[in-house]
Structure formats: structure tokens, C-alpha cells
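What follows is a set of notes on a single structure, which appears directly below.
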Amino acid sequence: MGDFLKDLNAEQKKAAQHFDGPCMVIAGPGSGKTRVLTYRIAYLISKGISPFNILALTFTNKAAKEMRKRIENLSGENNSYNLWMGTFHSVFARILRIESEKLNYPSDFTIYDTEDSKNLIKNIVKEKGLDKDIYKTSVLKNRISSLKNNFITPDDYLNHIELIEADNIAKRNEFSNVYTTYAQRCKQSSAMDFDDLLLNTYKLLNEHPESLHKYQNKFTYILIDEYQDTNHIQYLIIKKLAALNENICVVGDDAQSIYSFRGANIQNILDFKTDYPDYVEYKLEQNYRSSGNIVDAANSLIKNNKKQFDKTVWTRNNKGNLIVVCKAQSDNHESRLIANTVLSILKSKKSNYKDFAILYRTNAQSRSIEDAFRRTGIPYKIYGGLSFYQRREVKDVLSYFRLSINQSDEEALRRVINYPARGIGSTTLQKISIQAVKKEVSMWEIISNIENEELNIHSRTRNKLKEFKQMIDYFTNQSNIKSAYNLAEEIVKNSGIYHQLKQDKTPEGVNRFENIQELINGIKYFCENNTEEKKLKDFMHEIALMTDQDNEKDIDYNKVTLMTIHASKGLEFPYVFVIGMEENLFPSMMSIESSSDLEEERRLFYVAITRAENRLFLSYAVNRFRWGQYIQCEPSRFLAELDKNCLEKQEPIDMHKKQPYNSVYRYIKKSHSNQNPSTHSTKPNNNQTKKLESYNSGSKVQHSHFGKGFIIRVEGSGSSKKAIVQFEKVGQKHLLLKFCNLKIIDN
DNA sequence: ACCTCAAACATTTTT
DNA sequence: TGTTTGAGGT
């Protein structure tokens with residue numbers, strides 16, 4: 001017991017063995033921060049602390065999942081399941097579902113995503129007859145979000161003169177009205193947006209002492225990863241929860257704070273020191289991840305920031321290769337160079353696609369890389385952008401699910417009431433909406449009582465509304481009886497979506513149809529992989545806060561990773577390319593006026609650099625295609641800030657020099673879009689089918705949940721291929737190979 | 001109520 | 001450039 005700590009260095013060990021009382025771990029990039037957190041939890045468990053009493057808040061659900069697995073291995077016990085571990089949002093959503101009635105919500109409240117919130121704001125602005133150019137949806141959304149993250153409710157807003165003045169100057173005199181209405185409408189829809197999950201948790205702890213005591217006594221040990229990226233409301237929640245035992249451990253790095261636009265506040269680190277004056281501080285400064293040149297370059301960059309804590313990151317690793325800075329003629333040229341570099345490294349060194357990451361400032365930059373990779377046959381996966389659950393057709397189906405579970409969900413209602421078209425148009429919807437506002441009830445209530453409403457709606461339309469209500473009511477009834485899979489299938493068929501999509505033979509339509517099938521298969525997998533029967537609401541709870549990163553598929557294992565720098569936080573790769581190193585792009589145009597914004601961009605670049613283990617490539621283009629035309633670009637100021645001794649300037653070798661690259665690009669792009677109009681990383685490809693072929697009956701396999709077993713037989717083909725597996729501990733299971741993490745141990 | 005086409009708009013980062 | 005929105009026709 002406890003000797004697993006031998007894997008740690010002296011500093012790490014000290015931090016991991018911290019037992020009681022508050023502590024702060026300041027940890028540079030690659031210093032084994034997550035490792036310390038993991039070992040500390042395992043250590044606590046080994047000292048007899050029950051996993052039930054440990055709360056660990058991580059930045060992504062994926063990080064939580066991996067940590068849980070490692071803790072299980074370390075402590076050798078199978079009780080890590082009882083740890084409360086996940087993102088702030090997912091952990092608090094779980095608490096809120098348990099305590100929902102205290103806050104007057106049903107436990108099956110909907111979680112509105114950004115799109116839902118924006119649609120709601122758009123509707124409110126329209127209803128109130130406000131100028132949509134002044135009351136811009138995205139601006140309002142951000143403003144409301146930042147208010148909530150600072151625990152300023154619509155009522156509190158009226159007490160902040162400076163806020164009101166700021167809105168008056170921006171000619172948004174009605175902002176308070178919009179904010180109030182937004183909050184009311186969310187409540188009326190039994191919905192919480194992302195920020196409400198935090199806000200309402202704080203309200204719960206603040207206004208309900210019995211709940212506060214319950215969770216204070218439950219979570220006797222609290223650990224928080226990436227503390228530098230917590231915001232004010234998260235700080236308030238943590239402070240409340242930790243007040244009784246003060247066994248709070250935060251881990252972070254001020255130099256990697258990159259989420260201030262989301263309300264993250266370095267002040268939280270400073271406040272920690274005053275809130276818990278007897279805290280113990282640990283510093284992890286040795287970098288185990290990156291080569292010497294990379295560490296040196298990162299240090300030389302971050303030196304340019306005025307505001308930062310005293311810390312020296314160093315490494316014993318070899319100097320390694322110099323960092324390559326590469327100039328390209330255009331964004332497409334840049335992408336081709338990167339594709340060629342990836343291929344040449346693969347040829348000369350022992351490496352895999354998964355060892356490469358392409359990092360960029362904005363999501364839009366992925367497109368030209370994608371084109372170059374598709375052309376050269378480099379397999380890749382994209383994180384961020386539109387997640388699977390946000391794709392239009394998927395969200396349409398999910399909206400039926402949502403409405404069936406929570407009939408008040410107005411955004412879901414608006415989405416599906418006339419999809420597929422059933423003769424309930426915008427005029428009717430408008431009338432219902434106005435009536436709902438007038439009577440201060442939900443739109444669903446108006447529809448439920450449509451025959452008694454004095455509305456100028458044609459009787460034929462009234463009947464359509466009645467039919468629609470009957471259908472949803474039926475689904476709602478079934479949702480308590482049927483399993484998630486059975487009901488999901490029934491909803492897709494009965495609602496007419498199945499029929500509608502099947503008729504569409506265009507490539508896009510076929511793709512949409514496949515996505516719905518993938519969704520249904522996912523639900524099936526969800527049902528089959530749980531011991532107790534799962535209802536549709538369980539599935540919806542599970543996916544509400546999931547990102548693409550959280551349910552990475554086995555198929556995507558060996559691919560080059562494309563992601564924004566923000567999304568790359570906490571990850572590492574042997575080969576890293578940071579692209580678009582240009583003024584106005586990185587640093588972003590929006591940030592160059594304010595020094596604090598600029599410092600955040602610099603920290604962002606610091607994060608990007610320190611993702612690299614062996615080699616780092618930085619590139620910029622002289623011309624970039626933006627807003628429909630080529631724009632001349634200057635190299636980023638950050639390049640000049642890097643220590644020259646770490647850099648190697650490389651003149652580009654263009655493999656297509658003899659051809660004008662524009663025309664080559666256009667030609668390729670056209671021919672490609674004809675063949676393959678829309679590729680999503682989850683779409684099956686040859687690579688995957690090959691992989692699925694390798695599952696045979698008799699193979700010994702390992703599953704992440706069920707442990708070891710062997711394949712009894714294999715059924716189906718292509719992407720619906722499944723294996724019937726006899727597991728040692730949990731018996732027989734039917735697993736869809738496309739989805740499950742089934743590793744072959746022995747063939 | 002629904003479909004079609006042209007004008008307008010867009011690019012910061014995310015749970 | 002690609003997507004979304006709204007006006008106008010059916």
C-alpha cells in the first residue's frame with residue numbers, strides 16, 4: 001500500500017502525499033500535474049478515505065474518465081466508480097437533478113446548449129420589436145453569460161449602475177428587460193443553460209442549508225484541476241463546499257490560463273491564498289514532456305508577459321531538434337507543406353499518424369488542412385467545431401426526445417412542431433407564442449388547450465395541433481415504459497423523420513440518414529452496455545454535456561489530430577504544428593488593442609508550444625484567403641519573441657512549384673466535392689472496415705467496462721457488425737463493434 | 001403554408 | 001467563399 005508513489009519524483013511525491021488541509025499545486029506544462037492529482041486520489045483511498053467522499057473536478061469529461069481508470073489500476077480496487085469526478089458542469093448537473101425540486105425544477109430539466117440559448121434570445125428580441133442590429137444575439141448571449149458567471153441575476157443587474165450605464169451607452173436600454181425575460185422563459189421551459197448549472201448550484205447551496213450540509217459532509221476531500229481556468233461562480237461554489245473541512249487541493253498554472261473570455265479569473269488563485277492562509281504550496285517545475293529547445297522557446301515567449309507568478313520551468317531532456325519556422329505563400333500552400341512534412345517524417349522515423357497534431361487559433365482554419373490531408377490520404381480527426389449531437393438532423397431527432405421527456409421545452413417544440421412539415425407554419429406558431437406570453441404559460445400549455453383558446457387559427461390547423469399533441473403525449477407515456485432504444489426507434493419512425501430522410505437520395509440526404517442511424521445505434525449500445533434498463537431520459541442526461549472528445553471512437557485511434565489550441569489543453573503529442581502564425585489571426589484581431597487580451601493570446605501560444613514533445617513546427621502564410629479574398633499577412637509578433645537560438649528558419653520546398661498553386665487547388669477541390677460531399681470523422685471508411693474485419697469468433701478481448709472475455713460469434717457486416725461476447729465477470733453481451741472499445745488480446 | 005432564389009453576412013476561443 | 005436569412009412567388 002502506498003509504494004506506488006515510487007513512480008513520482010520528490011516534489012510530486014510531496015504534493016501527492018499531502019493529506020489534510022488546503023493546498024495549491026503550481027505546475028508548469030509537462031510537469032506531471034495530472035499524475036500528481038491521480039496519485040493523490042489513489043493515496044487518499046489507500047489511507048482509507050472512501051471514494052464516496054472525494055470530489056474531483058476536471059476540465060473535460062475525458063480527463064475524468066482516464067483518471068478514474070488510472071486510479072483503479074493504482075489502488076487495485078474496483079471502487080473508483082464511486083468517486084465524484086467530472087467537469088464542473090456535469091458534476092453539478094448531477095447534483096441539480098437530485099435536488100431539483102428544491103429549486104422548483106423537474107429532475108428531468110432540459111439543458112439548453114448555445115444554439116438553443118441563441119434561438120431563444122433571437123425570439124425575445126423579435127417579440128419585443130427591438131432592433132436586431134443593436135441587440136445582436138451573440139453579444140446578448142455573451143453578456144448574459146458573463147453576468148451569470150459573476151452571480152448577477154436579472155434583479156441584481158438593476159443594482160449595478162455601471163452595468164446599466166454601459167448598456168445605455170451601447171444603446172441597449174432594454175437589455176435588462178431581455179435578460180429578465182430570458183431567465184423567465186428558461187424557467188418556464190424547465191430548462192437550464194450551461195451557466196445556470198453553476199448559478200443554480202450556488203443558489204442551492206446558498207439558500208438551502210440542509211443541502212449545503214449534505215454536500216459539505218459528503219465531499220470531505222475536494223480536488224480541482226486547471227484551477228487557473230475557473231470563474232467567479234465556480235470559485236463561490238467551491239468555497240461553500242469546502243468551508244466545513246477545508247480539505248481542498250487546487251492544481252493549476254497561471255501561465256496556461258486561456259479562458260478569461262469565459263469568465264476565468266486568475267484572481268481565484270490569489271483569493272485562494274487569502275481564503276486559506278495556512279495553505280501549503282507545492283511547485284512542480286521540471287518538465288518531462290518536451291525537448292530542451294521547446295522548453296527554452298516557451299520560457300523566452302512567456303517572459304514577455306508582465307503579469308505572472310514566479311516560476312522557472314526547466315528540463316533534463318535533450319535539446320533535441322530546433323523549432324522549424326516556415327513561411328508559406330498562402331494558406332493552401334501552408335497546408336500542403338504540412339501534409340508533405342507529415343508524410344516525410346512518417347517515412348523516415350518510426351512514428352504513427354496519432355503522433356501528430358495540427359493546432360490553430362480558429363476553427364475555420366481546419367478547412368484547408370483537411371483538403372490537403374484528404375488529397376494526400378492522411379487520415380485525420382477534428383475535435384471541436386460542430387459536434388455530432390449538434391448536427392442539424394441529429395438535433396432535430398434529439399428535440400423530439402427532449403420534448404417527450406420535458407414537454408415545456410420550448411426550443412425543442414419550436415424545432416419539431418413543423419418538422420417534418422405537417423402544416424403548422426410560422427404564423428400559427430407566432431399566434432401561439434403571443435398567447436403564451438400574454439397568459440404567462442408555456443407554449444405547450446396553449447397547444448394542449450387549443451380548442452378553448454380564442455385564437456384566429458383555422459380549425460384544420462387546430463386539428464393538426466391536436467394530432468401533434470397526441471403524438472408527443474404518447475411518446476411521453478411510453479418514455480416511462482419502453483427502453484431508450486425501443487422508444488427512440490419508435491419516435492424516429494412515428495414522427496415521420498425516418499420516412500422523410502429515407503426519401504432524400506441526394507448525397508447530403510443519405511449522409512443525414514446515416515447520422516440518424518448512427519444515433520440510434522449509439523442508443524442501442526448505451527442500452528446494451530448497462531445492467532439495469534435504461535430509459536430515454538437516461539441517455540439524454542448522459543449526452544447533454546458530452547463533447548466529441550469525450551466519446552472518441554476506437555476507429556479514430558491512429559489519426560492525425562486537428563484542433564484549436566484551446567481544445568489542446570492538457571494534451572501532448574510528439575509532433576506539433578502550430579499554423580497561421582500571423583498578425584490579426586494569432587494574436588487575434590480582437591485582442592491586439594488591450595494588453596491583457598494580448599497577454600492571454602501569448603499564454604495561448606505558450607500552451608500551443610508546450611504541447612510538443614519532440615518537434616515543433618510553426619508556420620505562417622503571406623497571403624490568406626479570408627472573407628472571400630486574399631489578404632496580405634504579416635508574420636506574428638510572437639515569432640519574434642522566441643529565442644533565436646531555438647529556431648531554424650526553413651525556406652519552403654514546394655513540391656508543386658511549377659504549377660500555379662491556385663489553379664491546382666481549385667481543380668482538386670471541385671473534383672473532390674463531387675466525389676465526397678461531406679466527410680465526417682465518424683463516418684466509416686476503409687480504414688475502419690479493415691479494423692472491423694479483424695474481430696473473429698474465438699478471439700480473446702478486453703472491454704473498458706466489462707473486462708476480459710472472448711467472442712462467441714460475429715453477426716452483421718459493415719458498420720452494423722456486432723460481436724456476441726462472453727465476459728468472465730458479467731456474462732454475455734451483444735456489442736456493436738463500431739462503438740465499443742473492444743481490444744483484441746489474443747487471436 | 002411552403003418553396004426558391006438572391007442578398008447579406010461572416011471569423012475568436014467553449015462547457 | 002459558403003452559409004444563412006428574408007423577400008416574393010405559387
Side-chain angles (χ1 to χ4, degrees), chain A residues 57-63 86-93 111-115 117 122 126 132-133 136-138 141-142 145 148-149 192-198 226 229-231 233-234 257-264 331-332 359-368 371 383-387 389-390 392 418-430 457-458 460-461 464 544-550 563-569 580 584-592 597 600-601 603-605 607-608 624-631 665-666 669-670 673 677-678:
Chain A
L57 297 166
T58 57
F59 200 71
T60 62
N61 287 312
K62 190 186 171 198
T87 60
F88 277 85
H89 289 88
S90 63
V91 166
F92 295 150
I111 296 173
Y112 274 177
D113 66 16
T114 309
E115 191 190 5
S117 300
K122 217 183 277 175
K126 214 186 227 168
K132 68 173 165 46
D133 293 326
K136 284 199 170 176
T137 319
S138 53
K141 171 82 189 62
N142 286 336
S145 174
K148 286 187 181 178
N149 281 318
M192 297 194 196
D193 66 14
F194 290 140
D195 307 312
D196 285 332
L197 295 174
L198 305 176
E226 309 283 8
D229 283 323
T230 53
N231 61 32
I233 190 96
Q234 291 170 330
S257 164
I258 54 174
Y259 278 94
S260 73
F261 70 91
R262 204 167 86 185
D331 45 353
N332 300 318
L359 307 181
Y360 35 80
R361 178 69 243 266
T362 65
N363 280 307
Q365 288 169 261
S366 72
R367 175 168 272 136
S368 80
D371 277 327
Y383 289 123
L386 209 55
S387 103
Y389 298 115
Q390 286 171 329
R392 205 183 67 192
N418 202 30
Y419 176 80
R422 48 173 71 87
I424 307 172
S426 54
T427 326
T428 308
L429 211 55
Q430 189 83 9
I457 292 176
H458 200 277
R460 242 176 59 191
T461 315
K464 307 256 185 204
L545 295 164
M546 254 199 196
T547 61
D548 272 1
Q549 234 181 108
D550 297 328
M563 54 169 56
T564 63
I565 303 167
H566 282 91
S568 76
K569 188 160 97 145
N584 292 327
L585 182 58
F586 195 18
S588 141
M589 197 154 51
M590 328 288 278
S591 70
I592 41 186
D597 285 353
E600 174 144 324
E601 294 281 305
R603 291 194 295 270
L604 190 57
F605 187 34
V607 168
R624 182 168 294 275
F625 203 68
R626 276 176 110 184
W627 297 292
Q629 54 181 319
Y630 277 100
I631 304 227
Y665 172 65
R666 294 247 160 74
K669 201 163 180 200
K670 267 224 175 87
S673 67
S678 53

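The analysis underlying the following values was restricted to heavy atoms, covering all of them including side chains, and did not include hydrogens, waters or symmetry mates. Throughout, protein chains are lettered first and strands after them, A, B, ... in sequence-line order, and every chain is numbered starting at 1.
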What's the spacing between A:Ser257 OG and A:Lys569 NZ if we round to 0.5 Å?
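So the OG of A:Ser257 and the NZ of A:Lys569 are separated by 7.5 Å.
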
Could you tell me the separation between the CG atom of A:Asp331 and the OH atom of A:Tyr360, rounded to the nearest 0.5 Å?
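OH of A:Tyr360 is found 14.0 Å from CG of A:Asp331.
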
Do [X] and [Y] have side-chain heavy atoms sitting under 4.5 Å apart?
| X | Y | value |
| --- | --- | --- |
| A:Leu545 | A:Leu197 | yes |
| A:Ser588 | A:Arg361 | yes |
| A:Phe194 | A:Asn149 | no |

Just compare B:dT15, B:dT14, B:dT12 and give me whichever is closest to any side-chain atom of A:Phe261.
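Looking only at heavy atoms from C-beta outward on A:Phe261, the closest nucleotide is B:dT14.
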
Which nucleotide wins on minimum distance to the side chain of A:Ala421, given the candidates B:dT14, B:dC2, B:dT12?
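So the nucleotide nearest the side chain must be B:dC2.
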
Integer-rounded Å distance: [N] [atom2] and [X] [atom1]:
| X | N | atom1 | atom2 | result |
| --- | --- | --- | --- | --- |
| A:His566 | B:dT11 | NE2 | P | 16 Å |
| A:Phe59 | B:dT14 | CZ | P | 10 Å |
| A:Glu601 | B:dT12 | CD | C1' | 8 Å |
| A:Gln365 | B:dA10 | CD | C1' | 15 Å |
| A:Arg262 | B:dT15 | CZ | C1' | 5 Å |
| A:Arg367 | C:dG2 | CZ | P | 6 Å |
| A:Phe88 | B:dT14 | CZ | C1' | 15 Å |
| A:Asn149 | B:dT13 | CG | C1' | 15 Å |

Is there a side-chain polar atom (N or O) of [X] under 4.0 Å from OP1 or OP2 of [N]?
| X | N | result |
| --- | --- | --- |
| A:Thr427 | B:dA1 | yes |
| A:Thr564 | B:dT12 | no |
| A:Asn363 | B:dT14 | yes |
| A:Asn584 | B:dT12 | no |
| A:Lys122 | C:dT5 | yes |

Closest heavy-atom contact between A:Leu604 and A:His566?
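So the two residues come closest at CD2-CE1, 3.6 Å.
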
Which part of the nucleic acid, if any, lies within contact of [X], taking any heavy atom under 4.0 Å across all strands shown: a base, the sugar-phosphate backbone alone, or nothing?
| X | answer |
| --- | --- |
| A:Thr114 | base |
| A:Asn418 | sugar-phosphate |
| A:Ser591 | nothing |
| A:Tyr259 | sugar-phosphate |

Give me the distance, rounded to whole Å, that separates B:dT11 from C:dG6 when you measure between the C1' atoms they each carry.
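After rounding to an integer number of Å, I get 23 Å for this pair.
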
Contact nearer the 5' end of DNA chain B, comparing A:Asp195 with A:Ile424
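It is A:Ile424, whose closest nucleotide lies nearer the 5' terminus.
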
